[in-house]
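See structure below.
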Amino acid sequence: MSTERQQYSIENQAAAIAAYAHAHNLTIVRTYRDEGESGLRIKNRAGLSRLIEDVQGGNADFGHILVYDISRWGRFQDMDESAHYEFICRQAGVKVAYCAEQFDNDGSMLSSIVKNLKRVMAAEYSRDLSTKVHAGACRFARLGVTPGGPSIYGLHRILVDENLQPKGVVLKRGERKYLTTDHVRFGPGSDEEVAVVRWIFNEFLKVKSETAIARKLNKAAILTGTGGLWDGTAIGRLIRDERYIGNLIYNRSSHKLGTKLGPNPPDVWIRSEGCIEPIVDLEVFLKARQIIRQRRPNLSDEQMLSGLRRTLAKRGRLSPTVIDETPGLPSSTVYHRRFGSLRNAYRLIGYAGERNCDYVDSRQIWENLRTKLASDIASEVGKMGGRIRIGHPRGCMHVEGSASIVVRVARWFKTEGGCPKWSIQRQSRDPLPPGWIAAIRLAEDNKSVLDYVLLPTSGQERQQIRFSERARTKRAIEQFDTAHQLARSLSRRLTKKSRVSRAMPAPLSKRPKINQPKTKSGRARH
């Protein structure tokens, strides 16, 4: 939905499609919808993906697909992609009709010309909008307003009005401003967090090790802003962040129109100095920065590899932790960027490593398995009348009025006693929302599928969840032979819970006293 063009709301699209169906003596038998999703890619379009899958799989119990207009089918930047999905439907004997367009999609030369022109216009609209949004974000960044993003440890996001005057509201994690005239600025956080940030900087000047600092914080039970544990990477990001000395830097990286995130040259960065109340002394910050810069001299490939050989001879082994803790040696991240991966650097010095890294080559296989299972679950939930949106943590599926689902891979490994176990790694340090983990349990080769398991989540799970077959039985972790069985079982529970939740009246204390209009949102209806 565009805020300037309310005809793109789901309700208005539904009305136009219903009118078209009535005028052409058609009956609507099924609805595919993508609410609040970008039309740039099909990857995040669960509704359109299910539609194409049903057509290709022979499960289409309809002969027409009614779409509001060309832009609701998609704003794909490659016009051939949009034509490809329509061709799939037409090849299966299903006609695609655009209800609000002034032409009949009958395959004539005129309709083909107009249709392709409309596709170009839809793609160009996204490019033009992206340019305008980016220009607006840069303008606000120059004023010291954060264009977006979560709060950071030690700093809070503070709501300000159009004159940049504080409104006395601190936005919590996940909260966003409500009025378009409001903006968000950073300010000092709680006294406890500010004290921890200052301690981190002062401690870094002494020990010069991010990992050592993270270890001390975890031992003292001091959690990150998201409730997780500290590591060297998090400490390194904190020490390099200029927001702690009052400077806001924007546009250091970008990923416009769904492209991969990439760094931008410093000459296009947007700097706003002194726009945040500093919580770290400038002298301390500059000393910490100098320590980090001294670690990254302009070394050649051979000099970096020679440093690895000396460290291996001295320590007897190599690992990211060993590399990061060795004085005078570039960090493991620098080696990864220079040689593509640590495995490549190890290979060049003839070091096989203690850890089996074959899992790196299997990641694409796992991603394909996860995508397939997530699609099966979304399809089954949709058939039962449930609605899914993708949100935080990354890739989490939230079922409206019910629980949340995260799809993971359970990797096989063997303990010292020879007992096989499986490990599920969380992809984010943020706690999982209450709901379910649908996991693909892998066989011994960690490539083929053994079966599927379902685990309930409470938000208190560890970063890594491990279980054996015996523990699976004790912990009531359910097992399924196929992805379809898991998806059907999970969809029944979620949609049943959703129906019960909608049927229950809200407690009197929680009912709103004033009826406030709700914003209608949506992207496409098929």
Side-chain angles (χ1 to χ4, degrees), residues 1-55 60-90 92 94-108 110-129 258 378 382 385 387-390 400 518-526:
M1 183 195 68
S2 170
T3 54
E4 292 85 13
R5 305 179 68 183
Q6 294 294 327
Q7 74 267 28
Y8 284 156
S9 71
I10 290 292
E11 289 76 10
N12 288 339
Q13 290 182 65
I17 288 175
Y20 182 95
H22 178 74
H24 291 78
N25 198 26
L26 298 174
T27 301
I28 298 176
V29 296
R30 190 177 302 177
T31 299
Y32 300 85
R33 52 198 293 156
D34 291 314
E35 296 194 44
E37 296 292 347
S38 169
L40 290 174
R41 294 174 296 173
I42 197 173
K43 181 179 180 180
N44 61 318
R45 299 275 301 278
L48 181 58
S49 297
R50 288 198 303 271
L51 169 63
I52 301 300
E53 288 175 4
D54 288 347
V55 171
D61 54 348
F62 44 82
H64 294 73
I65 297 173
L66 306 185
V67 192
Y68 181 77
D69 65 11
I70 292 287
S71 67
R72 299 305 91 192
W73 184 253
R75 296 188 185 275
F76 304 107
Q77 296 303 292
D78 186 346
M79 271 55 72
D80 291 340
E81 183 177 2
S82 181
H84 169 69
Y85 298 133
E86 183 175 328
F87 174 75
I88 290 175
C89 300
R90 190 166 62 247
V94 180
K95 179 183 177 181
V96 178
Y98 301 104
C99 306
E101 300 291 0
Q102 300 301 314
F103 66 91
D104 187 15
N105 191 19
D106 55 3
S108 64
L110 178 61
S111 68
S112 297
I113 293 174
V114 175
K115 185 166 53 176
N116 282 314
L117 181 60
K118 290 274 189 176
R119 287 170 179 161
V120 173
M121 292 169 61
E124 179 60 27
Y125 174 82
S126 292
R127 288 192 288 269
D128 183 56
L129 182 62
R387 298 181 184 177
I388 284 182
R389 62 178 179 86
I390 307 299
E400 184 179 293
K518 297 183 178 179
T519 302
K520 299 180 180 178
S521 62
R523 283 300 304 174
R525 181 182 178 95
H526 309 287

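Basis for what follows: all heavy atoms, side chains included, without hydrogens, waters or symmetry-related copies. When a residue number appears, it is its place in the shown sequence, counting from 1.
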**Request:** Could you tell me whether a side-chain N or O of Arg90 sits under 3.5 Å from a main-chain N or O of Lys95, the two making a donor and an acceptor?
**Result:** no
**Complete:** Sequence neighbours excluded, the answer for side-chain hydrogen bond (donor to acceptor under 3.5 Å, both in side chains) partners of Asp128 is Lys132
**Complete:** Shortest non-hydrogen pair, Val96 vs Glu86, comes out as CG2-CG, 4.0 Å
**Request:** Give a yes-or-no answer on whether the side chains of Gln13 and Asp69 include a donor-acceptor pair shorter than 3.5 Å.
**Result:** no
**Request:** For side chain to side chain donor-acceptor pair (under 3.5 Å), just list the numbers for Asn12 and Tyr68, CA-CA rounded to whole Å, side-chain angles, deciding distance to a tenth of an Å, and then say yes or no.
**Result:** CA-CA 9 Å; Asn12 288 339; Tyr68 181 77; over 6 Å; no
**Asked** Would you call the rings of Trp73 and Tyr98 parallel, tilted or perpendicular, where under 30° means parallel and over 60° means perpendicular?
**Response** perpendicular
**Request:** Would you check if Glu124 and Arg119 make a side-chain contact, meaning some heavy-atom pair closer than 4.5 Å?
**Result:** no
**Salt-bridge present (Asp54, Arg30; N to O < 4.0 Å)** = yes
**Request:** Under the side-chain hydrogen bond (donor to acceptor under 3.5 Å, both in side chains) rule, collect the residues that match up with Asp104, sequence neighbours excluded.
**Result:** none
**Asked** At what distance, to the nearest 0.5 angstrom, does NZ of Lys118 lie from OG of Ser82?
**Response** 13.5 Å
**Asked** Looking at Ala122 and Gly74, what are the two nearest heavy atoms and their distance?
**Response** CB-O, 4.3 Å
**Asked** Just checking, is any N or O donor in the side chain of Arg127 or Gln77 under 3.5 Å from an acceptor N or O on the other one?
**Response** yes
**Prompt:** Between Asp61 and Val29, is there a donor-acceptor pair closer than 3.5 Å when you use the side chain of the first and the backbone of the second?
**Reply:** no
**Request:** Please name the pair of heavy atoms, one in Ser112 and one in Gly107, separated by the smallest distance, quoted to 0.1 Å.
**Result:** OG-O, 4.0 Å
**Between Ser111 and Asn105: side-chain donor-acceptor atoms closer than 3.5 Å** = no
**Asked** Got Val94 and Phe62 here, is their nearest side-chain heavy-atom distance under 4.5 Å?
**Response** yes
**Message:** Between Glu101 and Ile70, is there a side-chain heavy-atom distance shorter than 4.5 Å?
**Reply:** yes
**Request:** Might you work through the side chain to side chain contact (heavy atoms under 4.5 Å, CB included) test for Glu81 and Ile42, ending with a clear yes or no?
**Result:** CA-CA 9 Å; Glu81 183 177 2; Ile42 197 173; 4.2 Å; yes
**Request:** Output the distance between atom CD1 (Ile52) and atom CZ (Arg50), rounded to the nearest 0.5 Å.
**Result:** 12.0 Å
**Item:** Separation between CG of Asp34 and CG of Leu51, rounded to the nearest 0.5 Å
**Value:** 9.5 Å
**Request:** Could you pull out the closest heavy-atom pair between Thr31 and Ile28, with the gap in Å?
**Result:** OG1-CG2, 4.2 Å
**Prompt:** Which atom pair, heavy atoms only, marks the closest approach of Arg75 to Ser126?
**Reply:** CD-OG, 2.9 Å
**Message:** Once rounded to the nearest 0.5 Å, what's the spacing between atom CZ of Arg72 and atom CD1 of Ile17?
**Reply:** 11.0 Å
**Test ring-ring contact (aromatic ring centres under 6.0 Å, His included) applied to His24 - qualifying residues, sequence neighbours left out** = Tyr20
